[in-house]
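One is the number of the first residue; the rest follow in order along the sequence. In what follows, every heavy atom counts, from backbone to side chain, and hydrogens, waters and symmetry copies are set aside.
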Amino acid sequence: MPPVETPASETGRDSRDSCPLPPLPASLQARLADCHTLPSLPAAVARVLMVARRPDASLFDYAAAIEEDPALTLRLLALANSVFYSRQRSEASTCRDAVSRIGLDATLAAVMSFGLARPASADTLDLDALWQRAIIAALAARHLAERLCPERSGTLFTTALLQDIGILAAEALDGDDYAALIQATVGHDALCQAEREHYGCDHADLGAWLAASWGIPTHLARGIADSHGELEAASPDTLCLRLSGRIADGWLTEAPERAFGRLIRRLETLEALSPASLEEILADLQEQLPSMAELLEITRPPQRDSHEMLAEAKRHLFMQTLALGARLDAHQAELDALRERHAELERSSRLDPLTGLANRAWLEQRLEERFHRSREAGKDLSLVFIDLDHFKQLNDRHGHQFGDQVLTSFATNLQEMVREGDLAGRYGGEEFLVILPDEGATGAEAMARRLSRRLARQPVARVDGEPLHVTVSVGIACLSDADFRDAREMIDAADQGMYQAKRDGRARISRQPR
């Protein structure tokens with residue numbers, strides 16, 4: 001689809017005409033002021049720019065300025081009669097006809113491109129790459145503008161075409177050093193970053209300064225300054241400019257499928273445009289670029305099959321998504337393993353390795369929490385301190401391995417006796433502690449008796465085929481029995497109760513204090 005015809009009345013001026021350009025670093029301004037090799041404009045272009053600066057300039061004024069240069073007039077007529085603009089059967093035969101047909105901003109773009117295509121000063125730059133990017137960006141910006149801000153399509157065509165002229169100024173300042181900077185960077189964004197580090201600004205700011213020094217209308221210079229940057233939160237016209245550069249970079253790169261794959265992903269996050277619009281833009285570029293490059297005397301950009309290029313981009317994006325999914329799955333598996341390992345370490349830090357019950361540190365920590373919570377809520381709390389009777393003799397007679405078997409079996413019985421919410425643990429050696437939240441002395445004593453009866457019925461081991469039963473001495477302390485200052489005093493009370501049970505003959509329950 002050829003570009004939409006730009007109305008002759010379009011001036012491109014808007015409220016930004018009065019906005020100042022971003023200031024350049026003082027040191028850079030001083031260098032520019034002393035530089036005598038900055039690119040200048042041919043006289044014919046300068047005359048047209050003088051007309052463009054006049055708010056009351058007419059088509060006749062533009063045509064009169066252009067007609068003073070026969071070569072410029074012939075090129076403008078060729079552009080006006082090209083497939084881009086010629087929708088009538090009649091040909092544009094005068095300069096005024098040409099300006100009327102293509103519009104003021106497109107006329108200015110054509111004049112600038114004719115005048116800047118081969119500046120003599122830039123002998124260290126790859127001008128082919130510079131102007132190929134410019135014409136691709138200009139066509140892409142115009143197409144985008146037709147979707148987002150049609151009234152500014154001509155202005156954005158011109159601005160996009162000129163967005164990289166700051167490179168000419170940087171080359172004039174530093175010659176081979178700037179060329180080396182370009183060679184050392186990969187991609188347009190990387191070049192801008194390197195420029196900001198070296199100059200304190202990038203070539204978009206330099207280009208705006210250069211454009212203003214030539215007398216290019218302020219709104220176009222302002223657009224050049226805004227042409228590089230992030231896509232998010234950009235106004236529609238700025239978004240068109242910034243996207244146009246990315247489209248040009250994708251077209252010119254050696255791996256367009258990767259570049260356009262990234263761009264498709266970026267477009268998915270923008271509300272103003274969809275990835276589907278990219279297909280139409282690339283198809284138009286494929287059709288328009290050869291003729292437009294010839295008209296503007298720019299080396300033809302590389303030919304691309306837009307359909308195949310986008311298909312490759314989508315395949316690349318799909319493979320990236322698969323690879324990303326695989327990496328995410330692997331990361332998730334690693335994360336799950338780490339979480340499981342962490343949970344295992346946490347469990348092991350809380351549990352006694354022999355019996356699988358809570359260890360002493362965890363018991364004391366939980367009791368401290370429960371102690372304060374119960375006191376604040378006015379609820380009861382009981383501790384049951386248990387010691388296996390005659391365990392040292394059993395160990396001495398049958399060995400420590402047998403003793404461990406007895407402890408493990410006893411722990412299983414104890415765990416099966418406690419209810420949900422209670423906490424049973426090994427306090428040390430053959431001593432065990434049970435925390436009973438919301439339980440008074442009666443419930444604690446009942447639990448201890450059930451445990452004793454169970455041990456009487458169920459052996460904890462066998463010796464020479466004969467069942468071995470154990471008995472326990474139990475001490476109980478309840479929060480309601482005394483004014484305990486802390487959890488430590490409550491444990492000591494239950495411990496004293498256990499020793500009292502042993503003094504009374506073992507296999508008994510003693511409540512402390514009474």
**Report entry** Short side-chain donor-acceptor distance under 3.5 Å, Asp164 and His203
**Finding:** yes
Query raised in the report: Would you call Arg360-Asp352 a salt bridge at under 4.0 Å N-O?
Result: no
**Report entry** side-chain contact (heavy atoms from CB on, under 4.5 Å) partner of Cys149, the single match among Thr155, Leu156, Leu239
**Finding:** Leu156
Requested in this report: Please determine if Arg419 and Glu439 form a salt bridge, counting it only when a charged side-chain N lies under 4.0 Å from a carboxylate O.
Outcome: yes
Query raised in the report: If every non-hydrogen atom of Pro302 is compared with every non-hydrogen atom of Gln132, which pair is closest and at what distance?
Result: CD-OE1, 4.0 Å
**Report entry** Thr471 side chain reached by Ser452 side chain, heavy atoms, under 4.5 Å
**Finding:** no
Query raised in the report: Going by distance alone, is a donor N or O of one side chain under 3.5 Å from an acceptor N or O of the other, for Gln500 and Asp504?
Result: yes
Query raised in the report: Charged N to carboxylate O below 4.0 Å: is that the case for Arg488 and Glu364?
Result: yes
**Report entry** Pairing of Glu280 and Arg147 as salt bridge, 4.0 angstrom limit
**Finding:** yes
Report task. Answer yes if the ring centres of Phe432 and Phe410 are under 6.0 angstrom apart, and no otherwise. Result -> yes
Requested in this report: Would you indicate whether the side-chain heavy atoms of Ile182 and Leu191 approach each other to under 4.5 Å?
Outcome: yes
Query raised in the report: So does Asp174 pair up with Arg31, basic N to acidic O under 4.0 Å?
Result: yes
Query raised in the report: Does a side chain donor of either Gln405 or Gln401 reach within less than 3.5 Å of an acceptor in the other side chain?
Result: no
Query raised in the report: Is any NZ, NE, NH1 or NH2 atom of the basic residue among Asp249 and Arg246 found under 4.0 Å from an Asp or Glu carboxylate oxygen of the other?
Result: no
Query raised in the report: Is any NZ, NE, NH1 or NH2 atom of the basic residue among Arg373 and Glu376 found under 4.0 Å from an Asp or Glu carboxylate oxygen of the other?
Result: no
Requested in this report: Let me see the working for Val474 and Arg508 under side-chain contact (heavy atoms from CB on, under 4.5 Å), right down to the final yes or no.
Outcome: CA-CA 6 Å; Val474 179; Arg508 283 172 171 75; over 6 Å; no
Query - Heavy-atom closest pair, residues Ala477 and Ala494 - result: CB-N, 3.7 Å
Query raised in the report: Does a side chain donor of either His372 or Glu368 reach within less than 3.5 Å of an acceptor in the other side chain?
Result: yes
**Report entry** Heavy-atom closest contact (Ala221 atom, Ala212 atom, distance)
**Finding:** CB-N, 4.4 Å
Query raised in the report: Are Leu357 and Gln415 close enough, and set up right, to give a side-chain contact (heavy atoms from CB on, under 4.5 Å), and what steps lead you there?
Result: CA-CA 8 Å; Leu357 298 178; Gln415 186 62 48; 3.0 Å; yes
Requested in this report: Over all heavy atoms of both residues, which pair between Leu241 and Gln163 is shortest? Give the atoms and the distance, please.
Outcome: O-NE2, 4.2 Å
Query raised in the report: What heavy-atom pair brings Ala134 and Leu161 nearest, and what distance separates the two atoms?
Result: CB-O, 3.3 Å
Requested in this report: Applying side-chain contact (heavy atoms from CB on, under 4.5 Å), run through Leu282 and Phe260 and close with a yes or a no.
Outcome: CA-CA 10 Å; Leu282 296 182; Phe260 285 117; 3.7 Å; yes
**Report entry** Asp380 versus Ser480, side-chain donor and acceptor atoms under 3.5 Å
**Finding:** yes
Query raised in the report: Got a sec: does the OH of Tyr499 have more than 12 other heavy atoms crowding it under 6.0 Å?
Result: no
Report task. Would you please say whether a donor-acceptor pair under 3.5 Å links the side chains of Thr238 and Ser235? Result -> yes
Report summary line: Heavy-atom closest pair (Leu148 atom, Cys240 atom, distance to 0.1 Å) is CD1-SG, 3.9 Å
Report task. Quick one: pull up CZ in Arg196 and SG in Cys201 and give me the separation to the nearest 0.5 Å. Result -> 9.5 Å
